[in-house]
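Numbers for residues simply follow the sequence, beginning at 1.
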Amino acid sequence: MPMDVVLAYLARQEILLLFLLVGFGALAGHFKIAGVSLGAAAVLFLAIAASAGAKSRGHEFVVPEALGTLGLTLFTFAIGVMSGPGFFASLRRGIWPILATVGVLSSAALVAVLGGRLLGLDPALVAGAFAGAVTNTPALAAAREASGNSPLPTIGYAVTYVFGVIGMLLAAQLALRGRANDRDAPAPLVNCTVRVETGDEPRIGEIERRHGGRVRFSRVKHGGSRFPTQAPGDADVLRRNDLVTVVGPEDIVARVAAELGHASSHTLHADRSELDFRRITLSNTQLAGNTIAGLGLMRRFGATVTRVRRGDVDMLANDDLVLQPGDRVRVIAPREQIAAVSAFLGDSERGLSDINPIALGLGMAAGILLGKFVFPVPGAEFSIGSAAGTLVLGLVFGQLCRVGPIVTTLPHSAAQALAELGLLIFLAQAGTKAGGQLGAAFASGAWIDLLVLGLMVTATTALGITILMRRVFGMGNTRLAGVLAGTQTQPAVLAFANGRTGHDSRVAQGYALVYPAAMIGKILLGQVLGGL
């Protein structure tokens with residue numbers, strides 16, 4: 001039959017199959033039902049359906065495991081690089097959410113054990129059902145090893161995996177419905193020209209430090225309209241009747257204006273006759289990894305940086321902000337110096353797309369080696385796997401930004417493209433693997449009980465994380481969606497949350513915050529459950 005001929009051909013053409021699944025899956029992910037689209041997660045479900053359908057007609061749809069590993073490690077390394085600075089900045093106040101995540105997963109494992117006994121399921125089936133409900137293949141591998149390589153964990157995993165993805169997608173969707181009211185949303189940056197009325201003669205650097213570096217002064221005109229507008233330095237003193245432009249979140253800018261005097265009807269930033277401003281791309285790799293203060297723009301050119309745009313996020317350019325390749329900095333400088341500043345920073349579009357093969361190759365290799373390292377624990381051994389290893393190295397590389405002459409980070413745009421490509425490849429491979437196992441899973445008589453057990457485990461995880469992060473830690477809904485994806489160690493949920501929020505950085509930070517601990521915790525729990 002023609003259909004069997006097509007299926008047999010695709011079963012032999014692994015690369016063609018991969019890209020057909022990626023292309024048609026991504027196309028399906030664009031369609032919305034009740035205002036909701038699956039995005040990249042549709043690739044996973046198409047791969048599951050296609051693989052299960054081919055299997056029912058006697059054909060094996062398989063994307064090679066090595067390609068899936070490549071895609072997943074590319075994805076986790078790129079996410080780590082993008083999330084590194086934000087992750088380490090929030091780690092000190094994030095240790096309790098991390099511990100809470102491990103506690104929720106332990107509670108879900110307990111629910112699996114108790115539910116499995118009530119339903120009369122074999123412990124090996126229960127261990128696999130837990131791994132599928134929390135969508136974690138390394139936990140399945142640990143459960144299989146602990147159970148003496150029994151096929152039962154794989155059957156339990158295949159039955160519960162699909163709802164493990166769908167259930168957490170629903171939890172992320174519910175979380176994101178209230179994201180407009182997030183209390184931890186970054187305030188938009190505004191400009192305000194202030195006329196100084198105080199006689200205290202404060203220094204600009206002192207005012208910025210007093211407000212925690214959350215405001216920046218971009219222009220100053222001393223002594224009235226007959227004097228030139230200048231880019232201010234930290235040592236500049238503000239005197240009565242000076243005009244100064246303040247940049248920062250609206251509430252803090254209003255507070256600074258009240259301290260210094262009042263908002264003026266003059267707008268210094270509208271006058272470009274003496275000072276000009278321009279967005280310049282940092283493509284000079286010798287400068288990446290420096291702080292804004294370390295660039296010495298005031299000393300070299302009489303220029304200052306007020307904002308940095310990384311991806312789609314505008315950040316205030318405080319002196320301690322570390323710059324990454326591809327950052328677009330808003331420079332205020334004398335008109336005649338703009339060209340010199342542009343040449344100094346590079347201003348090449350290549351800075352947005354250079355994948356930095358040195359950092360990519362060395363970081364990926366080190367992460368994969370870390371993932372294979374065997375950690376001894378009482379009565380057993382375990383490794384965290386390539387995904388967690390590359391995520392950890394990505395976080396470290398993103399935070400370091402530079403080691404001597406070597407830049408360790410990637411431009412945000414390049415990292416985002418690598419992450420999306422890796423994710424799509426992984427989802428196609430994971431879907432074909434899970435879909436091929438569905439027939440055996442449903443042939444076992446316990447599939448309904450396994451489905452119920454998986455629902456209980458996934459619901460316990462989703463509800464526990466949502467309640468704790470919202471009620472106990474006061475986490476906003478956008479970051480919560482990332483934490484849900486990281487707790488589930490599920491890239492499809494992260495892709496869905498990114499698509500719904502326009503790649504809001506808080507999603508990736510929430511994901512990276514809990515992912516390593518969740519990965520390690522699930523592996524250990526899988527070993528414990530498999531050995532019962």
- Task: Report yes if the side chains of V104 and T487 come closer than 4.5 Å at any heavy-atom pair, otherwise no.
- Result: no
- Could you tell me whether the side chain of S56 and the main chain of G53 form a donor-acceptor pair under 3.5 Å? yes
- Are V407 and P325 side-chain neighbours, meaning at least one heavy-atom pair lies under 4.5 Å? yes
- Which heavy atom of G289 sits nearest a heavy atom of C401, and at what distance? CA-SG, 3.5 Å
- So among V63, V62, L18, which one has a side chain to side chain contact (heavy atoms under 4.5 Å, CB included) with Q429? V63
- Message: Minimum heavy-atom separation for T460 and A108, please, with both atom names.
- Response: CG2-CA, 4.0 Å
- Rounded to the nearest 0.5 Å, what's the gap from OG1 on T458 to CD on Q488? Could you check? 5.5 Å
- Message: If you define the side chain from C-beta out and look only at heavy atoms, does anything of L453 sit under 4.5 Å from T160?
- Response: no
- Query: Crowded around L114 CG? As in, over 12 foreign heavy atoms under 6.0 Å?
  - Reply: yes
- Item | Nearest-0.5 Å distance that lies between atom CD1 in I425 and atom CG in L21 | 12.0 Å
- Query: Any sub-3.5 Å donor-acceptor pair from T408's side-chain atoms to F397's backbone N or O?
  - Reply: yes
- So do T69 and I368 actually touch side chain to side chain, heavy atoms under 4.5 Å? no
- Task: Grab the two heavy atoms, one from V126 and one from G116, that are nearest each other, plus how far apart they are.
- Result: CG2-CA, 3.7 Å
- With a 4.5 Å heavy-atom cut-off, do V81 and F77 have their side chains touching? yes
- Query: Looking at CG of L421 and CG of L70, how far apart are the two atoms once the value is rounded to the nearest 0.5 Å?
  - Reply: 8.0 Å
- Message: Measuring only between side-chain heavy atoms, which start at C-beta, is R177 closer than 4.5 Å to N477?
- Response: no
- Message: Are the side chains of I465 and L480 in contact, using a 4.5 Å heavy-atom criterion?
- Response: yes
- How long is the gap from CE on M82 to CD on Q416, to the nearest 0.5 Å? 5.5 Å
- Message: Any non-hydrogen side-chain atom of L494 less than 4.5 Å from a side-chain atom of V507?
- Response: yes
- Rounded distance [0.5 Å steps], OG1 in T135 versus CD1 in I166: 12.0 Å
- Straight-line distance of F496 CZ to M168 CE, nearest 0.5 Å: 13.0 Å
- Task: Taking N356 for its side chain and P411 for its backbone only, find out whether a donor-acceptor pair lies under 3.5 Å.
- Result: no
- Query: Counting only heavy atoms not in F473, do more than 12 fall under 6.0 Å of its CZ?
  - Reply: yes
